[in-house]
Amino acid sequence: MRSIFRHRLLGVYEERVTIWNAGSIDEAIKRAEMEAVEYYSDLDEVEYARFSEAYAFDGVPEDGAEVFSLMRESKRPPEEYVRRFFATDDERTGSL
């Protein structure tokens, strides 16, 4: 499950990916959303953006297993696409 959180004091958004072993994608979403509420309620000035995406896969994740995939239509060339959506120079990497 990929979820988005806003850290108001830090002025950042957090994109968080979690793995859930569930009987269905609906069950995984329900459990992940419950955990998201717990996660942000324990942190000061953090809110859940109420945005989550799920990706279902078969089996147990092993080395190299794809655990999330997103396809977006764009006519941008690769470098511009990456700068627009992923490497905007606004990211904070490492620990908060």
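If you're wondering where the values come from, they're calculated on a predicted model, not measured in any experiment. All heavy atoms count here, side chains included; hydrogens, waters and symmetry mates do not. Quick note: residue numbers are just sequence positions, from 1.
- Residues Ile29 and Glu33 form a side-chain contact, since some pair of their non-hydrogen atoms from C-beta on lies under 4.5 Å apart.
- Sorted by first then second residue, the salt bridge (charged side-chain N to carboxylate O under 4.0 Å, His left out) pairs that include residues 67-77, not counting sequence neighbours, are Arg76-Glu80.
- A cation-pi geometry, defined here as NZ or CZ lying under 6.0 Å from the six-membered ring centre and within 45° of its normal, does not hold between Arg2 and Tyr55.
- Closest non-hydrogen pair, Val46 versus Arg8, comes out as N-NH2, 4.1 Å.
- Counted within 6.0 Å of CG on Asn21, heavy atoms from surrounding residues, nucleotides or ligands total 12 or fewer; the atom is thus considered open.
- A salt bridge does not link Glu35 to Arg31: none of the charged nitrogens lies less than 4.0 Å from a carboxylate oxygen.
- Cluster membership for Trp20 and Ile25, using ILVMFWY side-chain heavy atoms within less than 4.5 angstrom, is shared.
- Ring to ring, Tyr13 and Phe5 are not that close: their centroids are 6.0 angstrom or more apart.
- Looking only at side-chain heavy atoms (C-beta outward), Glu79 and Pro77 stay at 4.5 Å or farther from each other.
- Considering only heavy atoms from C-beta on, Tyr39 stays 4.5 Å or farther from Tyr48 through its side chain.
- Linking ILVMFWY side-chain heavy atoms closer than 4.5 Å, directly or via other members, places Val37 and Leu43 in a single hydrophobic cluster.
- Checking side-chain atoms of Thr88 against main-chain N and O of Arg84 turns up no donor-acceptor pair under 3.5 Å.
- Between Ser3 and Ser52, the shortest heavy-atom distance links the atoms OG-OG, 3.1 Å.
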* **Criterion side chain to side chain contact (heavy atoms under 4.5 Å, CB included) on Glu53 and Met1, from CA distance to verdict** => CA-CA 6 Å; Glu53 293 177 315; Met1 176 70 65; 5.7 Å; no
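- The closest side-chain donor-acceptor pair between Glu45 and His7, if any, does not fall under 3.5 angstrom.
- One finds the NZ atom of Lys30 at 10.0 Å from the OG atom of Ser24 (value rounded to the nearest 0.5 Å).
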